[in-house]
Amino acid sequence: MSSDSLSLTFPDGSVREFPNGSTGYDVAKSISPRLAREALSITLDGQIRDLNRPITVGGYIKINTWDTEDGQQTFWHSSAHLLAEATQELFPDVKFGIGPPISNGFYYDMDFGDHKVTEADLRKIEQKMLELARNKSTFDRIDISKSDAVALFTEKADPYKIDLLEGLEDGQITLYKQGNFTDLCRGPHIPSTESIKAIKLLHIAGAYWRGDVKSKQLTRIYGVTFPKKSMLDEYLIQLEEAKKRDHKKLGRELGIYIIDSMVGKGLPLWLPNGTMIRRTLEAFLRDEQVRRGYKEVITPHIGNLELYKTSGHYPYYADSQFDPIQVEDEHYMLKPMNCPHHHRIYSSSLRSYRDLPLRLAEFGTVYRYEQSGELNGLSRVRGFTQDDAHIYCTHEQLKDEIKNCVDLTKYVFNTFDMSVDIRLSFRDDKKDKYGGDGAFWNRAQTEINEVADELGLDYVIAPGEASFYGPKIDFIIKDALGRKWQVGTIQVDYVMPERFDLTYVGSDNQKHRPVIIHRAPFGSMERFTSILIEHFAGDFPLWLSPLQIMLIPVSDQFTDTAKEYEQQLKEAGLRVETDERNDQIGAKIRDAENRKIPYMLIIGEREKNEGTVSVRRHRIGDMGSLNFSEFLSKVSLEVKNRVNPPKSK
RNA sequence: GCCGAAGUAGCUCAGCUGGUAGAGCAACGCUCUCGUAAAGCGUAGGUCGUCGGUUCGAAUCCGAUCUUCGGCUCCA
C-alpha cells in the first residue's frame with residue numbers, strides 16, 4: 001500500500017482504497033449521495049471523528065448517520081455547543097463548564113453568576129438555538145498550543161476551561177468553533193448546525209463542578225435535539241408514556257403503597273394490595289431457597305453498637321446510618337445491614353467442615369439514612385427489606401456457591417422476563433475505601449471473574465464500585481424513565497470472617513476460616529417492587545396480581561350464582577371478588593379494567609343456565625365462554641407456571 | 001444536604017393583573033335490573049401544605065417552613 005492511498009475496511013467486510021487525505025464525507029459520497037447528506041461523523045478503528053477531517057491512516061471505518069449510536073452522540077455533542085452558543089448570546093457573562101452528550105440528549109454545565117435560570121429562560125434559549133442552527137454554521141476544528149489556549153480562555157475569563165486545560169498535555173489540545181462560539185473540546189462534531197432541526201430543553205438542575213460537593217455548584221441545562229421535528233414529537237410522546245408507568249403514580253392508583261409525611265420521609269407504608277404482591281414474591285423466593293438448601297433465620301431490627309464496630313461498618317458508614325440510640329449504658333443502632341447478626345448466628349455453635357456450606361437467609365429490614373433529596377418513591381427509601389442471605393463456605397466450595405447464586409438470581413429475573421445488565425464491581429486504587437488484606441481482594445476478584453467467564457456471563461467490569469469488604473457481581477436494571485438501578489447483588493467477603501473470627505473445624509481437625517458470600521437477588525423488596533410495577537406497567541402476572549378475578553353479574557339476580565363461583569375459586573386458592581354494585585356491566589368492566597384485574601367473569605342468564613362463565617382478559621377483551629371447571633383449571637395452571645401477562649400493542 | 005420546580009376536594013385539574021373557591025371522576029342516597037371500557041337524578045366534601053407579613057381585603061403579592069418532583073453528591 002502506497003502512502004498516497006488509504007485502505008478502508010467497511011462494516012460489511014469489503015475493503016476499498018481511497019486517496020490519502022480523503023475525508024469521511026468523500027468516502028460517504030463515493031457510496032451514495034444520500035449517505036453523504038445524512039452522515040454526521042465517522043468511526044475509524046473505534047474512534048469517532050469529524051466527517052470532514054482528512055483521513056491519513058487506513059482502518060475499519062463506519063459512516064455514522066442518525067441511525068447509529070455514534071452518530072447520535074456526535075449530534076448531541078454538537079447540540080451542547082449550540083446550547084452554549086445560544087446561552088452566550090443571551091447571557092454574555094456566563095462561564096462554561098462541560099457539555100457532553102448523554103444517553104438521551106446532552107447537557108451543559110454553566111455558571112450564570114447571580115442569575116437564576118427559569119423555565120422562561122429555557123424557552124428563550126431554545127428559540128435562540130433554533131435561530132442559530134438556521135445560520136448553518138460549520139463546526140471548525142482548531143489545533144492550538146496549550147499556552148495559546150490558556151491565553152484565550154484567560155482573555156474570555158472562563159475559569160472552568162482553564163481548570164480543565166491544566167489537566168491536558170500540550171500538543172493535543174483542540175478547540176471547536178461554530179458561529180461566534182469557541183469551546184475547548186476534543187470533538188468530534190457534526191459538519192454544521194444545519195441538521196439540528198428540533199430542540200427541546202428539558203430541565204434545569206444543579207451540578208457541582210467536577211462532581212465535587214466542595215466545588216461551586218453550576219447550573220446544568222438538559223436538552224435533546226433531533227434532525228426532524230417529528231422525532232421530537234415522538235420522543236415527547238414516549239416520555240409521556242413512560243410517566244404513565246411511573247411506580248409512584250401506579251403505586252397510588254393500584255393501592256400498592258403510600259408515603260405519609262406524618263410517618264416520615266422515605267418510610268413507605270405497604271397497603272393491602274402491595275403487601276399481597278410482596279408476600280407472594282417472598283414466598284416465591286423462600287420456596288426456591290428451601291429447594292437450594294438455605295435455612296431461614298429472623299433477627300431484630302436493632303443491634304448493639306459494638307456489633308458494628310466489630311464489623312467495621314461503624315464509623316465507616318456513619319454518614320449514612322441513623323444515630324445510635326442510648327439504652328441504659330449501651331448504644332444500639334437501627335441495623336443498616338443484616339450481616340453482623342448472621343455472623344453471630346454462625347458463631348453461636350462450633351462449625352465443622354461437614355456443616356458447610358451454611359446458607360442463612362432472612363427477609364431482613366434495614367434502615368439507612370439517605371439524604372432527603374435522594375428519596376424516590378419505593379426506589380430509594382430509608383427503611384427497606386433485603387432478601388438477604390449469607391453463605392458460609394470453605395474456599396474450595398466458593399466458586400460453586402457463587403455459581404449457585406448467579407443461577408438463582410438469573411432464575412428470578414427470567415421468571416419476570418426482565419433483562420438485566422451484569423457488572424463486576426471491583427476495587428480501584430483508593431486503598432482507604434476498602435477493608436481487609438489486598439491479597440484477599442485480588443483472590444476474590446480473580447474468582448469472581450473466573451466464575452463469570454465460566455458461566456459465559458455478559459458483563460462489564462467497574463473499578464471502584466466494590467463494597468468496602470469485597471468485590472461483587474451486581475445486577476442492574478433500567479426503570480421506565482431509563483434510570484439505572486442496582487437490584488440483585490452477589491458479594492465475596494474475606495474480611496468479615498477475620499473481623500468476627502469465624503472458624504470451622506476441617507477434616508484435618510484444625511481451625512480454618514470460612515469465606516462468606518452475601519447475596520440478594522431482589523436486592524430490596526421495595527426497589528424490586530417499584531421495578532416490577534414499571535416493568536409490567538401495573539399489569540401484573542396472574543400469580544402476583546393482588547386481585548386475580550372479578551366476578552361481574554349482569555344484574556343483581558345473578559349475584560347468588562356469582563357468589564357460589566367466588567366461593568369455589570377461593571377454595572382453589574385464588575383471589576376473587578364479586579362486583580355486587582348496582583351498576584351496569586359496562587361500568588363494572590371499565591372499573592375492573594382500570595384496576596388492572598387480570599380476569600373478569602361475566603355471569604348472566606346464559607351462563608347461569610349453561611354452567612359457564614364468560615371470560616374477559618384484562619387489556620385483551622372478551623375471550624368467549626368456558627365451563628366453570630375449565631376456567632378453574634386454566635387459571636390454576638397459569639398461576640402455577642407463573643405465566644407473564646400477554647403482550648399487546 | 002445542595003440547585004431548580006410544584007403544593008387548591010380522595011384523584012385529575014380550573015381559578016386573568018388581590019374582592020374570602022369551581023368542574024369531571026370517585027364516595028354516599030334514590031331510581032333503572034341492565035350482556036363486554038362510563039345509566040339518570042340528587043347529596044355531601046376544601047380554614048387553597050403550614051406559619052407569619054403587606055393590604056380595607058390574600059388561593060392570588062412577600063418571607064420562612066414542611067412535603068413532593070427533576071437533577072447533583074452519596075450509596076455497605
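Numbered from 1 within each chain, the chains take letters A, B, ... in sequence-line order. If you're wondering where the values come from, they're calculated on a predicted model, not measured in any experiment.
- Looking at residues two or more places apart in sequence or on another chain, you find a side chain to side chain donor-acceptor pair (under 3.5 Å) between A/Arg519 and A/Gln289, A/Tyr294.
- The aromatic ring centres of A/Tyr107 and A/Tyr222 sit less than 6.0 Å apart.
- Shown here is A/Arg344, whose CZ atom has no more than 12 heavy atoms of other residues, nucleotides or ligands within 6.0 Å.
- In this entry the distance linking CG of A/Asp111 with P of B/C3 reads 14 Å, nearest Å.
- Of the nucleotides present, B/U68 is the one that pairs with B/A5 by Watson-Crick or G-U wobble criteria, both distances under 3.5 Å.
- The A/Arg368 side chain lies nearest to B/C75 when the options are B/G1, B/C75, B/A27.
- Distances shorter than 4.0 Å separate some side-chain N or O of A/Tyr222 from OP1 or OP2 on B/C72.
- Here A/Gln557 lies in heavy-atom contact (under 4.0 Å) with sugar-phosphate atoms only.
- Across all strands shown, B/G57 forms no Watson-Crick or G-U wobble pair with both key distances under 3.5 Å.
- Within 4.0 Å of A/Glu607, counting heavy atoms only, lies at least one base atom of the nucleic acid.
- The nucleotide whose nearest atom lies closest to any side-chain atom of A/His203 is, among B/A76, B/A39, B/G70, B/G70.
- Contact of A/Ser320 with B/A76 (side chain to base): a donor-acceptor pair of N or O atoms is detected under 3.5 Å.
- We find that CE of A/Met550 is positioned 14 Å from C1' of B/A37, with the value rounded to whole Å.
- Using cut-offs of 30° and 60° for the angle between ring planes, the A/Tyr565 and A/Phe628 rings count as parallel.
- One P atom belongs to B/C16, the other to B/G35, and the distance between them is 46 Å to the nearest Å.
- At a threshold of 4.5 Å between non-hydrogen side-chain atoms, the residues A/Pro646 and A/Arg617 count as touching.
- Here the options are A/Ile461, A/Ile448, A/Ile490, the test is side-chain contact (heavy atoms from CB on, under 4.5 Å), and the partner is A/Pro471; only A/Ile448 passes.
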Could you list all N or O pairs between the protein and nucleotides 62-69 of chain B that sit under 3.5 Å apart?
{"residue": "B/U67", "atom": "OP1", "partner": "A/Lys265", "partner atom": "NZ", "Å": "3.3"}
{"residue": "B/U67", "atom": "OP2", "partner": "A/Lys265", "partner atom": "NZ", "Å": "3.1"}

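- Residue contacts shown for A/Tyr469 are limited to sugar-phosphate atoms, with no base heavy atom under 4.0 Å away.
- In this structure, A/Phe91 and A/His115 have tilted ring planes: the angle between them lies in the 30° to 60° band.
- The nearest whole Å value for the distance from the CD1 atom in A/Ile204 to the P atom in B/C2 is 19 Å.
- Within 4.0 Å of A/Arg220, counting heavy atoms only, lie sugar-phosphate atoms of the nucleic acid but no base atom.
- Among the atoms of the strands shown, none is found under 4.0 Å from any heavy atom of A/Arg382.
- Side-chain N/O atoms of A/Lys588 include none lying less than 4.0 angstrom from OP1 or OP2 on B/A37.
- Spacing between B/U17 and B/C62 at atom P, rounded to whole Å, works out to 12 Å.
- One cannot find a donor-acceptor pair under 3.5 Å joining the base of B/A37 and the side-chain atoms of A/Arg619.
- Rounded to whole Å, the C1' atom of B/G29 lies 10 Å from the corresponding atom of B/A44.
- With sequence neighbours left out, the salt bridge (Lys or Arg N to Asp or Glu O under 4.0 Å) criterion links A/Glu605 to no other residue.
- Taking every side-chain heavy atom of A/Ala205 into account, B/G71 is the closest of B/G1, B/G71, B/G4.
- Of the side-chain N and O atoms in A/Gln217, none sit less than 4.0 angstrom from OP1 or OP2 of B/C72.
- Comparing the C1' positions of B/G46 and B/A26 gives a spacing of 16 Å, expressed to the nearest Å.
- Using a 30° and 60° split on the angle between ring planes, A/His518 and A/His390 fall in the perpendicular class, above 60°.
- For A/Asn376, the side-chain contact (heavy atoms from CB on, under 4.5 Å) test picks out A/His247, A/Lys248, A/Ser379, A/Arg380, A/Arg483, with sequence neighbours left out.
- Comparing the same atom, C1', in B/C3 and in B/U20 gives a spacing of 36 Å after rounding to whole Å.
- Distance, A/Ile125 CD1 to B/G4 C1': 14 Å, rounded to whole Å.
- Base contact: A/His313 has a heavy atom under 4.0 Å from a base atom.
- For the C1' atoms, the distance linking B/A59 with B/C48 amounts to 5 Å, nearest Å.
- The side chain to side chain donor-acceptor pair (under 3.5 Å) test applied to A/Thr365 returns A/Thr385, not counting sequence neighbours.
- Within 4.0 Å of A/Val554, counting heavy atoms only, lies at least one base atom of the nucleic acid.
- Taking the C1' atoms as reference points, B/U12 lies 16 Å from B/A27, given to the whole Å.
- Pair assignment for B/C41 gives B/G29, based on Watson-Crick or G-U wobble hydrogen-bonding distances that are each under 3.5 Å.
- Using a 4.0 Å heavy-atom distance criterion, A/Gly604 is classed as a base contact.
- Residue A/Gly373 is in base contact, counting any heavy-atom pair closer than 4.0 Å across all strands shown.
- Residue A/Gln584 is the one, among A/His518 and A/Gln584, whose nearest nucleotide of RNA chain B lies closer to the 5' end (criterion: closest heavy atom).
- Nucleic acid contact for A/Gln486: none, since no nucleic acid atom lies under 4.0 Å from a heavy atom of the residue.
- When the P atom is used for both B/G49 and B/U60, the distance is 8 Å, rounded to whole Å.
- Following rounding to the nearest Å, A/Leu218 (CG) and B/C72 (P) show an atom-to-atom distance of 13 Å.
- Under the side chain to side chain donor-acceptor pair (under 3.5 Å) criterion, A/Tyr392 pairs with A/His343, sequence neighbours left out.
- Looking at residues two or more places apart in sequence or on another chain, you find a side-chain contact (heavy atoms from CB on, under 4.5 Å) between A/Val495 and A/Tyr469, A/Asp493, A/Arg499.
- Legend: residues meeting side chain to side chain donor-acceptor pair (under 3.5 Å) with A/Glu610, ordered by chain and number and at least two apart, are absent.
- Put simply, A/Arg210 has no side-chain N or O that comes within less than 4.0 Å of OP1 or OP2 on B/C72.
- Side-chain to base pairing of A/Tyr208 with B/G1: one donor and one acceptor N or O lie within less than 3.5 Å of each other.
- Distance from the side chain of A/Arg616 is smallest to B/A37 among B/A27, B/G35, B/A37.
- Both A/Glu370 and A/Ile602 sit near RNA chain B, but only A/Ile602 has its closest nucleotide nearer the 5' end.
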Set out, line by line, the N/O atom pairs under 3.5 Å between protein and nucleotides 7-12 of chain B.
{"residue": "B/U12", "atom": "OP1", "partner": "A/Arg252", "partner atom": "NH2", "Å": "2.9"}

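- Protein atom CG of A/Asp583 is 13 Å distant from nucleotide atom C1' of B/U31, rounded to whole Å.
- With distances taken from any side-chain atom of A/Glu605 to the nucleotides B/C75, B/G35, B/A76, the minimum falls on B/G35.
- Each of B/A37, B/A76, B/G4 was ranked by its minimum atom distance to the side chain of A/Lys116; first place goes to B/G4.
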